[in-house]
Amino acid sequence: MLPPVPSPADYGISPENGFLPTEPPIEILPNTYYAKWEAVVASLQPLLLSKRLRSVIDRLPVLSTTYLRTDAEWRRAYVVLVFLLHGYVWGGDRPVDKIPPQLTIPLFEVCERLEVPPVATYAGVCLWNYKPIFPDEPADDVHNLASIQTFTGSLDEQWFYLLSVAIEARGAPSIPLMLEAITAARVGKVRVVTECLQRLAEIIDETSSLMQRMFENCDPYVFYNCVRPYLAGSKNMGDAGLPNGLLYDDGTGTTEYRQYGGGSNAQSSLIQFFDIVLGVEHRPTGVSRKEHDATEDSAKSRNSFIHEMRAYMPGPHRRFLEKIDSIANIREFVGSHRSDPALRLAYDACLSMLRSLRDKHIQMVSRYIIIPSRAVRRSQIAGQSDQTAGLNLATAVPTDNKNIRGTGGTALIPFLKQARDETGEPSINLWARRLLTDGSAVVGSAALSKVGEQPDGHLEVVGLCGTWTADDSEGGICHW
């Protein structure tokens with residue numbers, strides 16, 4: 001007997017909002033007991049500017065979580081505490097690696113309740129950190145959204161978060177849609193599955209168009225130098241000043257350091273939902289399909305960065321994806337109905353739209369991460385860097401002059417390229433597979449070049465200042 005198709009409502013997921021909260025997040029904790037937290041986070045920008053945040057937090061009392069009542073209040077407490085945490089770590093000339101009990105003790109309790117790690121995650125800066133300007137207007141309209149909390153107070157930082165919120169809202173209808181497709185596939189309803197896939201392709205394309213709007217109000221220089229450093233995690237941050245990670249002082253005398261990746265849009269349950277329902281499998285970075293197929297350890301396929309990021313999702317969302325993963329049947333259903341051209345085309349169209357989204361993301365990363373990081377390198381090599389800027393993710397130069405580490409702690413260009421190429425591997429039609437992969441999956445086919453890439457796989461970026469090749473092997477980005 002087949003396991004039942006899960007109800008999204010059982011996991012706090014709604015047809016209207018998807019993985020966003022059913023009701024918009026609250027802007028302030030209602031109990032005056034938490035007024036000290038709210039007062040500090042309300043003054044976060046001036047405290048960071050004056051470099052007084054650490055001393056102010058050190059003088060705070062250790063507040064209990066006893067007076068947090070609703071889920072919305074627990075989420076607000078998490079947002080407040082992780083913004084204070086990251087401001088505490090990165091809000092000085094150099095990062096500090098010891099977190100005081102004023103943050104650690106309540107943060108651990110909040111994170112245990114919400115089933116998230118004690119670090120700023122995608123949920124903390126995006127899903128639980130927005131408000132509609134007009135409640136009666138849709139959340140997928142980015143011009144109707146505002147961020148509740150930011151580090152810099154800039155429009156650039158808000159826009160960076162809010163586009164992800166709008167994407168989540170725009171993609172929300174795909175959840176009941178694909179649950180309908182999974183149910184239809186179980187009873188052989190080819191037409192229903194086809195229509196669901198056709199609509200899914202449109203939804204993915206719409207989310208991709210939203211992502212491209214990042215350039216409207218988020219300046220790459222402001223993002224790289226002012227916003228991104230505060231979003232850094234503590235994993236692989238040796239060059240940025242945290243060689244051991246963070247020591248969370250919980251009052252028990254512990255001396256164990258912990259390392260967590262920073263926020264990443266790989267932590268978006270929506271994007272992983274797309275992968276799961278379409279049967280897209282991701283391998284560890286650097287592992288080819290041939291190598292993966294040759295291994296006898298099936299668990300190795302779960303060691304990719306994308307799978308690791310599920311540990312940073314809210315617990316109910318993570319369990320929902322695990323449940324969907326166990327019942328996903330669309331890829332197999334399409335494969336068993338290859339004779340139906342409309343079904344094949346609809347499925348391959350979904351893969352094409354998802355791969356296109358990842359292609360556009362690579363272009364965005366090049367503009368927001370690679371180009372600014374190279375400018376920092378050149379200025380430091382030339383001795384023109386600002387010696388008073390302090391040490392953080394924006395000013396750090398890797399010791400091997402090659403590995404650009406990002407907040408997620410992953411290999412930037414290799415990870416993104418491989419994730420994109422893996423998206424096309426399940427394609428059904430031979431011509432689609434040739435278009436959507438590097439050609440290695442098709443015996444005898446020539447590798448087709450991708451937009452902006454050299455034959456050796458390096459990314460070529462053409463801009464106002466000329467052409468260059470991004471051959472960096474390591475790095476990461478805050479949200480994608």
In plain terms, say whether [X] and [Y] are close enough for a salt bridge, that is, a side-chain N and a carboxylate O under 4.0 Å apart.
{"X": "R170", "Y": "E202", "answer": "no"}
{"X": "R113", "Y": "D71", "answer": "yes"}
{"X": "E115", "Y": "R319", "answer": "yes"}

Any side-chain donor-acceptor pair under 3.5 Å between T423 and R358?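 Checked: T423/R358 side chains pair up, N/O donor to acceptor below 3.5 Å.
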Between E73 and Y78, do the side chains contain an N or O donor and an N or O acceptor separated by less than 3.5 Å?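 Checked: E73/Y78 side chains show no N/O donor-acceptor pair below 3.5 Å.
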Could you note down all residue pairs passing side chain to side chain donor-acceptor pair (under 3.5 Å) where residues 15-29 supplies at least one of them, sequence neighbours left out?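 For residues 15-29, and leaving out neighbouring residues, the side chain to side chain donor-acceptor pair (under 3.5 Å) pairs sorted by first residue read E27-K131.
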Between P118, P106, C111, which is the residue that forms a side chain to side chain contact (heavy atoms under 4.5 Å, CB included) with L81?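 For L81, the side chain to side chain contact (heavy atoms under 4.5 Å, CB included) test succeeds with only one of P118, P106, C111, which is P106.
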Rounded to the nearest 0.5 Å, what's the gap from CD on Q102 to OH on Y88? Could you check?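 Rounded to the nearest 0.5 Å, the CD-OH separation comes to 7.5 Å.
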If we only count heavy atoms from C-beta on, is the P100 to D249 side-chain gap below 4.5 Å?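 P100 vs D249: side chains apart.
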Any F151 side-chain heavy atom under 4.5 Å of E157 side chain: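 In contact.
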R367: what forms a side chain to side chain donor-acceptor pair (under 3.5 Å) with it, not counting sequence neighbours?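 In terms of side chain to side chain donor-acceptor pair (under 3.5 Å), with neighbours along the sequence ignored, R367 is linked to no residue.
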So, do Y161 and Y130 have ring centers that fall under 6.0 Å from each other?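 No, ring centres 6.0 Å or more apart.
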